[in-house]
Asker: 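Structure provided below as structure tokens; questions to follow.
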Amino acid sequence: MTEDTPTPRIELYVRSLLPDGAHERQEAVIDQLDRLEREDEIAGYNVVVWGKQVATESAAANTEEGKYILNRVAEFKQWALSNNVSLESFYQNSEVDSEVTDDAYDTMVLPVMGLAEYHEGELAHVAPCTKGDVVHTIMDRLERLEEGEPSALEQTATDVSIV
């Protein structure tokens, strides 16, 4: 990190029931976070386990864990809006038909993995995200942290070439 950039704290969100191949990707990200913490490139990290989806108007959404997840996702979406990026392909809303009742309900499908980077308590970056046609992945961000570089979004915003 540069002297004027605070050392970030990372929150890694991982899905509890994994699709094929995702476990290895999660392990690679956690290994990278361990390395960054040992090298003092990050102040530390937390791993938060979440499910595949959360029904936004359910009893589960009103639990402490449900509120935490919904509040974090709302914070991520506000960050995306402020930074002119999209999270829509990673945090999707869908309607599910109940097998118990004949009603349908809205859910938010959560990504297999999500990363939130905080600088002095303020959300500074969310990955994955999309700007235009470019997807900024979790590993992209971790590699840039390892190199002591700002996020590609910050670099693009200052018109610096990212070649």
Side-chain angles (χ1 to χ4, degrees), residues 1-2 5-54 60-61 63-94 107-157 160 162-163:
M1 297 275 86
T2 62
T5 303
T7 306
R9 178 136 189 87
I10 303 294
E11 290 182 359
L12 179 67
Y13 295 83
V14 298
R15 191 180 290 173
S16 55
L17 299 174
L18 304 172
D20 290 342
H23 179 73
E24 291 80 13
R25 289 191 310 271
Q26 286 181 354
E27 290 294 319
V29 168
I30 292 170
D31 287 345
Q32 180 78 352
L33 288 168
D34 282 339
R35 187 169 41 259
L36 289 169
E37 187 175 35
R38 278 193 312 274
E39 296 170 359
D40 294 325
E41 296 295 333
I42 62 173
Y45 69 94
N46 294 332
V47 176
V48 179
V49 178
W50 59 15
K52 179 181 179 182
Q53 60 191 16
V54 59
T63 65
E64 185 176 336
E65 293 81 6
K67 288 178 184 177
Y68 178 83
I69 289 168
L70 291 174
N71 286 338
R72 277 301 199 244
V73 171
E75 180 184 26
F76 300 164
K77 288 183 175 184
Q78 182 61 47
W79 172 87
L81 186 64
S82 298
N83 287 278
N84 198 28
V85 299
S86 175
L87 302 175
E88 293 308 311
S89 59
F90 307 106
Y91 296 86
Q92 299 173 347
N93 292 318
S94 68
T107 66
M108 180 185 308
V109 179
L110 302 167
V112 172
M113 257 190 311
L115 181 137
E117 177 182 337
Y118 290 87
H119 294 198
E120 298 177 343
E122 293 294 321
L123 183 60
H125 190 80
V126 175
C129 65
T130 306
K131 181 149 185 134
D133 293 336
V134 178
V135 176
H136 298 274
T137 69
I138 292 170
M139 287 308 285
D140 293 339
R141 182 61 194 126
L142 294 179
E143 288 168 8
R144 293 181 74 81
L145 280 170
E146 188 167 34
E147 298 299 320
E149 298 175 358
S151 77
L153 297 173
E154 291 174 48
Q155 205 162 12
T156 301
V160 175
I162 52 176
V163 176

Asker: How close do V47 and Y45 get, counting heavy atoms only, and between which atoms?
Answerer: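 Shortest heavy-atom contact: CG2-CE1, 3.8 Å.
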Asker: Roughly how far, to the nearest 0.5 Å, is CD of Q78 from CG of N83?
Answerer: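 Separation between the atoms: 10.0 Å.
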Asker: Just jot down the side chain to side chain donor-acceptor pair (under 3.5 Å) partners of T130, sequence neighbours excluded, or say none.
Answerer: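 With sequence neighbours excluded, T130 shows a side chain to side chain donor-acceptor pair (under 3.5 Å) to no residue whatsoever.
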Asker: Tell me the closest heavy-atom pair linking S151 and H125, and the distance in Å.
Answerer: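 Residues S151 and H125, closest heavy atoms: CB-ND1, 3.5 Å.
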Asker: Roughly how far, to the nearest 0.5 Å, is the NE2 atom of H119 from the CD atom of E122?
Answerer: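 Atom-to-atom, E122:CD and H119:NE2 are 11.0 Å apart.
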Asker: For the pair M108 and L70, evaluate side chain to side chain contact (heavy atoms under 4.5 Å, CB included) and give the outcome as yes or no after the intermediate values.
Answerer: CA-CA 9 Å; M108 180 185 308; L70 291 174; 4.1 Å; yes
Asker: How close do S86 and E88 get, counting heavy atoms only, and between which atoms?
Answerer: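 Nearest heavy atoms, S86 then E88: OG-N, 3.1 Å.
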Asker: Out of I42, I10, D31, T7, which one pairs with L36 under the side-chain contact (heavy atoms from CB on, under 4.5 Å) rule?
Answerer: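 Going through the options one by one, the only one that passes is I42.
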Asker: Should we say atom CD of E27 is surrounded by more than 12 heavy atoms from elsewhere, each under 6.0 Å from it?
Answerer: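 Buried by this count: over 12 neighbours within 6.0 Å.
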Asker: Quick one: CG on L33 to CZ on R35, what's the gap to the nearest 0.5 Å?
Answerer: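 Result: 9.5 Å between the selected atoms.
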Asker: How far apart are the closest heavy atoms of P128 and G114, and which atoms are they?
Answerer: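 The pair with the smallest heavy-atom distance is CD-CA, 4.3 Å.
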Asker: Among N84, V85, V134, which residue satisfies the side-chain contact (heavy atoms from CB on, under 4.5 Å) criterion with L153?
Answerer: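 Going through N84, V85, V134 one by one, the side-chain contact (heavy atoms from CB on, under 4.5 Å) with L153 is satisfied by V85 alone.
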Asker: Kindly check if the number of other-residue, nucleotide or ligand heavy atoms within 6.0 Å of CD (E39) is above 12?
Answerer: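 Buried by this count: over 12 neighbours within 6.0 Å.
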Asker: Decide yes or no for E117 and L145: does some side-chain heavy atom of the first lie under 4.5 Å from some side-chain heavy atom of the second?
Answerer: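 SC-SC contact between E117 and L145 confirmed.
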Asker: Side chains of L115 and L142, heavy atoms from C-beta outward: is any pair under 4.5 Å?
Answerer: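 L115 vs L142: side chains touch.
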Asker: Provide the closest heavy-atom pair for T63 versus A60 in the form atom of the first, atom of the second, distance.
Answerer: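 Closest pair (atom of T63, atom of A60, distance): OG1-O, 2.7 Å.
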Asker: How long is the gap from CE on M139 to CE on M113, to the nearest 0.5 Å?
Answerer: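 These two atoms lie 8.5 Å from each other.
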Asker: Is any side-chain heavy atom of V73 less than 4.5 Å from a side-chain heavy atom of L110?
Answerer: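 V73 reaches L110 side chain to side chain.
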Asker: Quick check: does any side chain N or O of N71 sit under 3.5 Å from a backbone N or O of K67, one acting as donor and the other as acceptor?
Answerer: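 At least one qualifying donor-acceptor pair exists.
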Asker: To the nearest 0.5 Å, what is the distance between CD on Q26 and CD on E24?
Answerer: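 Output value for this atom pair is 9.5 Å.
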Asker: Within this structure, what is the CD-CD distance for the pair E149 and E143, rounded to the nearest 0.5 Å?
Answerer: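 One finds 10.0 Å between CD of E149 and CD of E143.
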Asker: Looking only at heavy atoms, what is the nearest atom pair of P111 and R15, with distance?
Answerer: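 Result for this residue pair: C-NH2, 3.7 Å.
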Asker: Please enumerate all residues that pass ring pair (Phe, Tyr, Trp, His ring centres under 6.0 Å) together with Y13, with sequence neighbours excluded.
Answerer: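 Once residues adjacent in sequence are excluded, the partners of Y13 under the ring pair (Phe, Tyr, Trp, His ring centres under 6.0 Å) criterion are W50, F76.
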